[in-house]
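Written out below as structure tokens is the structure these notes cover.
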Amino acid sequence: MENLKIGVAGAGIGGLAAAIALRKMGHDVVVFEQSKAFLRVGADINLTPNAVRALDGLGVGAAVRRTAARPTHRISRTWDTGEETSRLAMGDTAEEKYGAPQLTIHRADLLAALAEAFPAERVLFGRHVQAIEAWEQGASVAFADGSRHDVDLLIGADGIHSAVRSAMFGKEQPRFTGVVAFRAVIPAERVAGLPNLGAFTKWWGPNPQSQIVTFPLNAGKDVFIFATTAQESWHLESWTTQGSVQELRESYAGYHPDARALLEACDEVLKTALYERDPLAAWTKGHMVLLGDAAHPMMPFMAQGAGMAIEDGVVLACSLEHARRPGDIPAALQHYESLRIERASRIQVGSRGNNWLREGGNADWVYGYDAWQVAR
């Protein structure tokens, strides 16, 4: 049986998920990553049941659970009064209903779990994509270090500034949303007297740009704080830029005492600008295809960025399960696109509005999705 030679640009969450699944299908997969190594940078991630079920199918569920926390509920509270407007049971209830729980985890720990399931020698670090040449039966990727790789299929899992996307559809710039995000982690014992520390809690602000989200990390030992607010003057997009704790506290000075107490416990914070793009009309071109943020970068308000990338990787691999010759690829990619583009675009647009589950509602269409079943 012939195997396809597949290159994945980007060793992030979606890229590694796709690589693992494609290797399970028997394909020859290599991952190109511009960083020198896996670094402990980035946000802490909310993995809703749809994402966890997909990870379980990849065989990494147990590794993810070793360091993840398992929120008991998804709670909505009003920013100033503290009124609870919705409470969705997660934990065991979600597992019974959806076949998997909600888990919260640091991005680096999730990447480590994925990396364990893929041969280390097949991840080529320090490969910054410089040029891509497409031909009828494949693509050639040239890197800044002078190396070059020819593949039957090139997968763009290289994020919002995707070089593969630019090669497919031309260069364009993501749009600044006018919103910035603060991220911080504090020891849970520092705020032990506050309620609902074991839950995913969202404090809905006075406008759609303002919110504070908290959830447990590191098996409940820490609390992650993610807060957004409107700010036109800050345009820097970075996982590692230090912000001002004083600015963080001042931005939410009118919030309920429970919310402010969490911010008072912070001794450092990271700050980044949030960018987005409009949904694409197509994700494939010839023997190139996109997934994750390269295809559909989204605002964080539905907490589905990582989940959509993982789903993409699984559905793409399943769509290519029976493709054994380069000539089989275009039809398989079209099948993948047809299965994914409507759902991902709906969530991409829905994430802008920041009204997901504010007063309850049905989460089944998001959380109940099974990526492994959809493509088969």
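No experiment lies behind these values; they were computed from the predicted model shown. Hydrogens, waters and symmetry mates are skipped; everything else that's a heavy atom, side chains included, is used.
- The distance from atom CG of D370 to atom CD of E311, rounded to the nearest 0.5 Å, is 9.0 Å.
- We find that R127 and D145 are joined by a salt bridge, their nearest charged nitrogen and carboxylate oxygen being less than 4.0 Å apart.
- Looking at R77, its side chain does come within 3.5 Å of a backbone N or O of G82 through a donor-acceptor pair.
- No hydrogens or angles considered: a donor-acceptor pair under 3.5 Å links the side chains of W204 and S76.
- Residues forming a salt bridge (charged side-chain N to carboxylate O under 4.0 Å, His left out) with R183 (at least two apart in sequence, or on another chain): none.
- Taking every heavy atom of both residues into account, L248 and A227 meet most closely at CD1-CB, 4.4 Å.
- Minimum interatomic distance between G15 and A157 (heavy atoms only, all atoms of both residues): CA-CB, 3.6 Å.
- In this structure, the side chain of R249 engages the main chain of C266 through a donor-acceptor pair within 3.5 Å.
- In this model, a donor atom of one side chain and an acceptor atom of the other lie less than 3.5 Å apart for S35 and E33.
- With respect to R165 and D158, no salt bridge is recorded, no charged nitrogen being found less than 4.0 Å from a carboxylate O.
- Clustering ILVMFWY residues whenever any of their side-chain heavy atoms sit less than 4.5 angstrom apart, transitively, puts I45 in the very cluster that holds L58.
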Go through the steps to decide whether F182 and F226 satisfy the test ring-ring contact (aromatic ring centres under 6.0 Å, His included), and finish with yes or no. CA-CA 6 Å; F182 298 96; F226 176 81; 9.5 Å; no
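- Side-chain contact annotation: Q348 with D278, donor-acceptor N/O pair under 3.5 Å absent.
- With hydrogens and angles ignored, the 3.5 Å screen pairs a side-chain donor or acceptor of W234 with a backbone N or O of L236.
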Test log, rule side-chain contact (heavy atoms from CB on, under 4.5 Å), inputs V129 and I132: CA-CA 8 Å; V129 176; I132 297 170; 3.8 Å; yes
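- Under 4.0 Å is where a charged nitrogen must lie from a carboxylate oxygen, and between E237 and K271 no such pair does.
- Screening residues 194-222 for salt bridge (Lys or Arg N to Asp or Glu O under 4.0 Å) gives no qualifying pairs among residues at least two apart or on separate chains.
- Between D328 and R325, at least one side-chain nitrogen of the basic residue sits less than 4.0 Å from a carboxylate oxygen of the acidic one, meeting the salt-bridge criterion.
- A salt bridge links D28 with R122; the closest basic N to acidic carboxylate O contact falls under 4.0 Å.
- The two residues G353 and P208 come nearest to each other via the heavy atoms O-CB, 4.2 Å.
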Take L55 and L47, measure what side-chain contact (heavy atoms from CB on, under 4.5 Å) needs, and give me the verdict at the end. CA-CA 10 Å; L55 291 170; L47 296 171; 3.8 Å; yes
If you apply the rule salt bridge (charged side-chain N to carboxylate O under 4.0 Å, His left out), what do you find for R277 with D293, and how did you get there? CA-CA 9 Å; R277 295 180 187 269; D293 282 354; over 6 Å; no
side-chain hydrogen bond (donor to acceptor under 3.5 Å, both in side chains) between R87 and N196: does it pass, once the steps are laid out? CA-CA 11 Å; R87 176 178 286 252; N196 302 313; 3.3 Å; yes
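- Just one residue in the list R148, H149, E133 forms a side chain to side chain donor-acceptor pair (under 3.5 Å) with S140, and that residue is R148.
- Within a 6.0 Å radius of CD in E342, other residues, nucleotides and ligands contribute 12 heavy atoms or fewer.
- Ion pairing between R66 and E116 holds under the 4.0 Å rule for side-chain N and carboxylate O.
- Taking 4.0 Å as the cut-off between side-chain N and carboxylate O, D267 and R190 count as a salt-bridged pair.
- Using a 4.5 Å cut-off between side-chain heavy atoms of Ile, Leu, Val, Met, Phe, Trp and Tyr, with links allowed through other members, V60 and L111 fall into the same hydrophobic cluster.
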If you apply the rule salt bridge (charged side-chain N to carboxylate O under 4.0 Å, His left out), what do you find for K5 with D150, and how did you get there? CA-CA 8 Å; K5 187 175 182 180; D150 297 336; over 6 Å; no
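- Counting only distance, with no hydrogens or angles, the side chain of H287 and the backbone of E136 share a donor-acceptor pair below 3.5 Å.
- Linking ILVMFWY side-chain heavy atoms closer than 4.5 Å, directly or via other members, places F224 and V245 in two distinct hydrophobic clusters.
- Looking only at distances, a side-chain donor or acceptor of S238 sits under 3.5 Å from a matching main-chain atom of T241.
- Test N46, N50, T48 against Q102 for side chain to side chain donor-acceptor pair (under 3.5 Å) and you get one pass: N46.
- The minimum heavy-atom distance linking G313 with L291 is given by the pair CA-CD2, 4.2 Å.
- Among residues at least two apart or in separate chains, ring pair (Phe, Tyr, Trp, His ring centres under 6.0 Å) pairs with a member in residues 61-111 are W79-Y255, Y98-Y367.
- By the 6.0 Å contact criterion, CD on E172 is enclosed, its count of non-hydrogen atoms from other residues, nucleotides or ligands being greater than 12.
- No continuous path of ILVMFWY side-chain contacts below 4.5 Å connects I341 to M308, so the two sit in separate hydrophobic clusters.
- Looking only at distances, a side-chain donor or acceptor of S319 sits under 3.5 Å from a matching main-chain atom of V315.
- Minimum interatomic distance between R70 and P101 (heavy atoms only, all atoms of both residues): NH1-CG, 3.6 Å.
- Considering all non-hydrogen atoms of both residues, A363 and W356 come closest at CA-CH2, 3.8 Å.
- The backbone N or O of D258 sits less than 3.5 Å from a side-chain atom of H256, completing a donor-acceptor pair.
- In this structure, the side chain of T284 does not engage the main chain of L333 through any donor-acceptor pair within 3.5 Å.
- Judged by distance alone, the side chain of R65 and the main-chain N or O of G61 form a donor-acceptor pair under 3.5 Å.
- Both L124 and L4 are part of a single hydrophobic cluster, where members link through side-chain heavy atoms under 4.5 Å apart.
- Counting non-hydrogen atoms of other residues, nucleotides and ligands closer than 6.0 Å to CD of E121 gives a total above 12.
- Using modelled atom types, one finds no donor on one side chain facing an acceptor on the other under 3.5 Å when comparing S351 with Q304.
- Side chain of S166 to main chain of S162: a donor-acceptor pair is present (N/O by atom type, distance under 3.5 Å, no hydrogens or angles).
- Checked by atom type, the side-chain pair Q137/D152 shows no donor-acceptor distance below 3.5 Å.
- For R260, the salt bridge (charged side-chain N to carboxylate O under 4.0 Å, His left out) test picks out no residue, with sequence neighbours left out.
- Applying the ring pair (Phe, Tyr, Trp, His ring centres under 6.0 Å) rule to pairs touching residues 111-136 yields F38-F125, sequence neighbours excluded.
- Applying the ring pair (Phe, Tyr, Trp, His ring centres under 6.0 Å) test to pairs two or more places apart or on separate chains, those with a residue in residues 301-348 are W283-Y336.
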